[in-house]
Amino acid sequence: MYSPDVSEVALPHFSELRRQCVMRMLQSPHALWTERDHAGMRQIASDYARRHKRKRREDWEFDPCIQAITRDVEDAVPPLPKWACLVAWLAPEGAVTFNPEIISKIALAALNNTLGKPQPSFGPAKSSFQKGAFNMPYAAEISRRSPTAFLFVIDQSGSMNDRWMETKTKAQALSDAINRVLMELVTKCSKEEGIRHYFDVGVIGYGGSGCRDALAFIPGGVLKSIQEIERQPMRVEDRTVKVPDGAGGIIEQSVKFPVWFEPVADGGTPMCAALSMAGNAIKEWADGHLQSFPPIVIHITDGEANDGDPEPTAELIKQLATYDGNVLLFNLHISGAAGMKVLFPSNEGDLPCADARRLFRMSSALPEQMLRAAQNAGYNGVSGTRGYGYNADFTDVVSFLTIGTRPANDAR
Amino acid sequence: MPISVACLLAASTPKAGNQPEECEDRWAAAADGLSFAVADGASEASFAGLWASILAQRFVEDPARALEPPWLLAARQAFMQQLDLPRLPWHALEKLRRGSHAALAGVVIDPAAESFEVFAWGDACVAWVHGEVASCFPFSEVADLPERPYLISTVPEQNEAAPGRQGTSRQVPLEPGHTDVFLMTDAVAGWFLAEWAAGRQPWRELLALPDAAALTTWAEGARSQKALRNDDVAVISLRLSHGNDAGGG
């Protein structure tokens, strides 16, 4: 199981005042520190001072920990996630530090271990999040200075040899989908001078031979730069593409197309182990990219784990975070059973089986900007829509991430 | 009455973190000094800078027929002629298939009619200030700037679906005295409209910029204050003088 490093977590010793402030923070629905939180803290300090017959706000004004938080939270660019503020509150008096990397490490460990099961209030921001002095989460610009990451976790167990949609096996459908989505990612990074490093991308396969880096033929860790992926496909195929000539006609151009991934189907379904491997790779990446749009994990399976319940591991992955928000875990469910294609549902009850409902629960809610992009693409997304698909194509999920201006009359 | 045109600034600067050659906002000025344009290539596309450059240049060369179907056809053909298709990799061809997109704003001054015409397609804007009265076209409030603008595409079909959302123009009569005119791509237009709505006079800041280096320094400062979105920027500042102090037409 994925387990954060807890060696840096100091046992908290804090006053009643701080305890009340921490409880207030846990009850607030927003991921980031808001003006309303700030006002709430001041109210708690005033009430506390009144109860203890001290001058109004005396504790607030003179507690060095609170002073540091007031100053640094207000000045922080980007604003600190609430869990980072929380760690400052929990730190022993006089030991407050706002080194972002140290805070993030301690905060993640504190959330996952010291505090037990994290509260729902640390999830993605609600639509009521206040605009203004504080940034929206999931708003980090994706750029070469601040890339994001995609990690695909794919089922290669023996059951993937079953037929799917009558024309191919699940494994063949899956390898087509992975090749298509890798092509989409490369295309998004394509500029006239070549491929820009907007993404790091990895593929973990799990099946009879355990969990493995399915792109191991490309050197490096599980997450590799998109430039390396473009440069080193497993093989290339000759195809013809049609390009508009600008005058209403078409030019046919022969071109070499990449293939990174072949169908594999063998043995058991160690889904929990694969998600743990993904969690470790994502944690390492997120620790090194705290300013980035959070990584997106896309898990593709036929839903039948045989090494335990994957939900707790999925929860741990979703609680990893950068300053911009929690890691997003999306699940694509390939099922041989009859049923309508579903993409981005909002209600567990609409799904046809227990495996589907479990994968729905394991999936993150779509952040607001991705939800808007989904709505623009014609999906009936509502608040609470999850990144879950049943027999659906996930290429669209990738296209919902915007790099720079997206025209209304874009082809996608 | 005589009319004179002074171009005070015509410059572009890339978003923070990008190199100058990566700037996809372009500008152009006609040799006769009466036509000007800025164009903003959408960064999601490839060859967006080339497309923006072609649109701005062709606008100032042939403003009378700008934005009409034959003009667009010629611009698209000029774009394709600049590309060496057999040498492009698969992903570049895929991006071409999806189209390159750009916004365009232009100004054409007509001394005989004592007026100027403003053109806009997408989210690039033209603002003009006479005395203390400002106007902005086609958007007059920052909230009106679209998140996903309807742009000029290299793929004709992408502009055929919604003819009502294509380029628009407006004739503006010149009043006696000075009229300052600003052609702005969307990031600067957003800043301009927000400052104006807050009761400030953003045109004074633009008029104080003498050259591209000053624009770059100003943009860096405005971005650090979160007043200007981190995006490429192109600005043209003009002073149109109408009357006895114009110094000739």
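Letters go in sequence order (proteins before strands), and every chain restarts at 1. This structure is a prediction, so every number in the text was calculated from the model and none was measured. No hydrogens, no waters, no symmetry mates; every other heavy atom, side chains included, goes into these values.
Residue B/Gln77 places its CD atom among more than 12 non-hydrogen atoms of other residues, nucleotides or ligands, all under 6.0 Å distant.
Using a 4.5 Å cut-off between heavy atoms, B/Phe47 contacts chain A through both its backbone and its side chain. For B/Asn230, the parts lying under 4.5 angstrom from a heavy atom of chain A are both the backbone and the side chain. Proximity to chain A involves both the backbone and the side chain of B/Pro86, based on heavy atoms less than 4.5 angstrom apart. With a 4.5 angstrom heavy-atom cutoff, B/Ala75 does not touch chain A via any of its atoms. Heavy-atom distances place both the backbone and the side chain of A/Lys191 under 4.5 Å from chain B. Heavy-atom distances place no part of A/Ile250 under 4.5 Å from chain B, backbone and side chain included. At a 4.5 Å heavy-atom cutoff, the contact between B/Glu24 and chain A is made by side-chain atoms alone.
Between chain A and the options B/Gln81, B/Glu157, B/Arg76, the largest number of non-hydrogen pairs under 4.5 Å is found for B/Arg76. Per-residue heavy-atom pair counts under 4.5 Å with chain A were compared for B/Leu73, B/Leu50, B/Leu96, B/Leu85, and the maximum is reached by B/Leu85. By number of non-hydrogen pairs under 4.5 angstrom with chain B, the leading residue of A/Ser190, A/Gly194, A/Pro258 is A/Ser190. For chain A, the option among B/Asn18, B/Asp232, B/Leu83, B/Leu72 with the highest count of heavy-atom pairs below 4.5 Å is B/Asn18.
Ring centroids of B/Trp191 and B/Trp196 are separated by 6.0 Å or more, keeping the two rings apart.
The backbone N or O of B/Arg200 sits nowhere less than 3.5 Å from a side-chain atom of B/Glu195 that would complete a donor-acceptor pair. Under the 3.5 Å distance criterion, the side-chain polar atoms of B/Arg97 are left unmatched by any main-chain donor or acceptor of B/Ala92.
Using a 30° and 60° split on the angle between ring planes, B/Trp90 and A/Trp260 fall in the perpendicular class, above 60°.
Side-chain contact annotation: B/Asp25 with B/Thr185, donor-acceptor N/O pair under 3.5 Å present.
Between A/Glu228 and A/Arg231 there is a salt bridge, since a side-chain N of the basic residue sits under 4.0 Å from a carboxylate O of the acidic one. Taking 4.0 Å as the cut-off between side-chain N and carboxylate O, A/Lys224 and A/Asp200 do not count as a salt-bridged pair.
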